[in-house]
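Everything below concerns the one structure shown next.
Since the model is a prediction, treat every value here as computed from it, not as a measurement.
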Amino acid sequence: MNDIQIHDAYVNYKSEITRYLAQFIKQAQDAEDLAQDCFIKLMRVSIDIPEERILYYLKRIARNLAMDNLRRKIRTLKRDSRLNLPQYHLDTFSLEIDESVEDLVSHVVNKEHRKILELRILHGYSIKETSDLVNRSESMIKASVFHAVNRIRSKVIS
């Protein structure tokens, strides 16, 4: 489109596009901004649009911009609401169990054994997955868990 066609479209359809956007967007300033964006997008169009189709084209652009704007606002609200919510542990019993397990694991002095035990017990990884994560053999994982459990038994039972 050439500059004259864009200018004519702006003069002829700006108020109509702004009203159209106001149906979607309740803030007048946001509707104005999106109307400006519609005409910017129209300027970037590389094909010639027939005069009788320009309003339809502008409304299509406006609707898409309004939907994008609403989606963006919803994502922002969801993100902000997640950030502002206090975190509560709903299952106190489960929290107590988790704390007890962590307390038991803390008795393991060897850092590698403790890491392997945490991966196996707390995170639920299989022996194979754990061996891949720590780059050790499966028999090494089994031995580490065995020694860690014996260490816990010796500390807790005595």
Side-chain angles (χ1 to χ4, degrees), residues 1 6 10 14 17-47 49 53 56-158:
M1 294 192 71
I6 292 171
Y10 185 80
K14 182 193 181 294
I17 294 298
T18 304
R19 279 193 307 274
Y20 179 73
L21 283 164
Q23 296 172 356
F24 297 104
I25 308 295
K26 299 305 176 199
Q27 291 82 15
Q29 185 60 43
D30 289 345
E32 282 282 330
D33 291 344
L34 288 177
Q36 295 293 328
D37 291 343
C38 285
F39 288 98
I40 291 171
K41 286 196 177 279
L42 183 66
M43 287 190 311
R44 294 182 180 154
V45 172
S46 60
I47 60 170
I49 302 169
R53 303 289 292 162
Y56 169 77
Y57 195 82
L58 283 169
K59 282 187 175 181
R60 177 62 83 180
I61 294 171
R63 183 179 129 330
N64 290 339
L65 287 173
M67 293 297 127
D68 290 345
N69 187 27
L70 290 172
R71 284 186 199 108
R72 192 176 316 109
K73 284 184 179 182
I74 289 170
R75 278 194 310 268
T76 301
L77 288 173
K78 283 182 180 178
R79 184 196 68 224
D80 290 349
S81 68
R82 280 194 309 265
L83 293 175
N84 293 332
L85 286 178
Q87 298 293 323
Y88 297 108
H89 202 290
L90 299 177
D91 188 4
T92 311
F93 182 70
S94 174
L95 179 62
E96 290 172 356
I97 289 174
D98 290 346
E99 289 175 350
S100 297
V101 170
E102 288 174 11
D103 184 47
L104 290 173
V105 170
S106 71
H107 289 295
V108 179
V109 179
N110 185 317
K111 290 181 182 180
E112 188 172 6
H113 291 319
R114 182 184 306 163
K115 180 179 180 181
I116 290 170
L117 191 64
E118 287 174 352
L119 289 171
R120 289 281 296 129
I121 305 297
L122 297 177
H123 301 290
Y125 287 107
S126 69
I127 291 173
K128 172 85 172 104
E129 292 168 331
T130 305
S131 70
D132 291 340
L133 286 171
V134 295
N135 200 21
R136 299 279 188 220
S137 68
E138 290 181 28
S139 59
M140 168 66 179
I141 301 301
K142 291 176 187 176
S144 293
V145 170
F146 175 79
H147 292 298
V149 168
N150 282 341
R151 174 74 179 177
I152 292 170
R153 280 187 188 137
S154 69
K155 288 292 185 178
V156 173
I157 294 175
S158 359

If you look at every heavy atom in [X] and [Y], which pair is closest and at what distance?
{"X": "Leu21", "Y": "Ala35", "value": "CD1-N, 3.3 Å"}
{"X": "Tyr10", "Y": "Phe39", "value": "CA-CE2, 3.5 Å"}
{"X": "Ile141", "Y": "Arg136", "value": "CD1-CB, 4.1 Å"}
{"X": "Ala31", "Y": "Ile25", "value": "N-CG2, 4.1 Å"}
{"X": "Val108", "Y": "Arg151", "value": "CA-CG, 4.1 Å"}
{"X": "Val145", "Y": "Leu117", "value": "CG1-CD1, 4.3 Å"}

Separation of [Y] [atom2] from [X] [atom1] (nearest 0.5 Å):
{"X": "Lys115", "Y": "His123", "atom1": "NZ", "atom2": "NE2", "value": "10.5 Å"}
{"X": "Thr18", "Y": "Asp33", "atom1": "OG1", "atom2": "CG", "value": "10.0 Å"}
{"X": "Arg63", "Y": "Cys38", "atom1": "CZ", "atom2": "SG", "value": "12.0 Å"}
{"X": "Ile40", "Y": "Leu34", "atom1": "CD1", "atom2": "CG", "value": "10.5 Å"}
{"X": "Arg44", "Y": "Ile6", "atom1": "CZ", "atom2": "CD1", "value": "11.0 Å"}
{"X": "Ile116", "Y": "Ile127", "atom1": "CD1", "atom2": "CD1", "value": "11.0 Å"}

Do [X] and [Y] have side chains that approach each other closer than 4.5 Å (heavy atoms only, starting at C-beta)?
{"X": "Asp37", "Y": "Lys41", "value": "no"}
{"X": "Tyr20", "Y": "Leu58", "value": "no"}
{"X": "Arg71", "Y": "Arg75", "value": "yes"}
{"X": "Lys73", "Y": "Asp30", "value": "yes"}
{"X": "Asn69", "Y": "Leu65", "value": "no"}
{"X": "Asn110", "Y": "His147", "value": "no"}
{"X": "Glu32", "Y": "Lys14", "value": "yes"}

NZ/NE/NH1/NH2 to OD/OE distance under 4.0 Å, Asp132 and Lys128: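 Between Lys128 and Asp132 there is a salt bridge, with a charged N closer than 4.0 Å to a carboxylate O.
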Salt bridge Arg120-Glu129, side-chain N to carboxylate O under 4.0 Å: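 No, Arg120 and Glu129 are not salt-bridged.
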Atom NZ of Lys142: over 12 foreign heavy atoms under 6.0 Å: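 No.
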Atom OH of Tyr125 with >12 non-hydrogen neighbours under 6.0 angstrom: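 Incorrect, the count does not exceed 12.
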Pi-cation contact, Tyr56 with Arg53 (under 6.0 Å, within 45°):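 Cation-pi check for Arg53 and Tyr56: passes.
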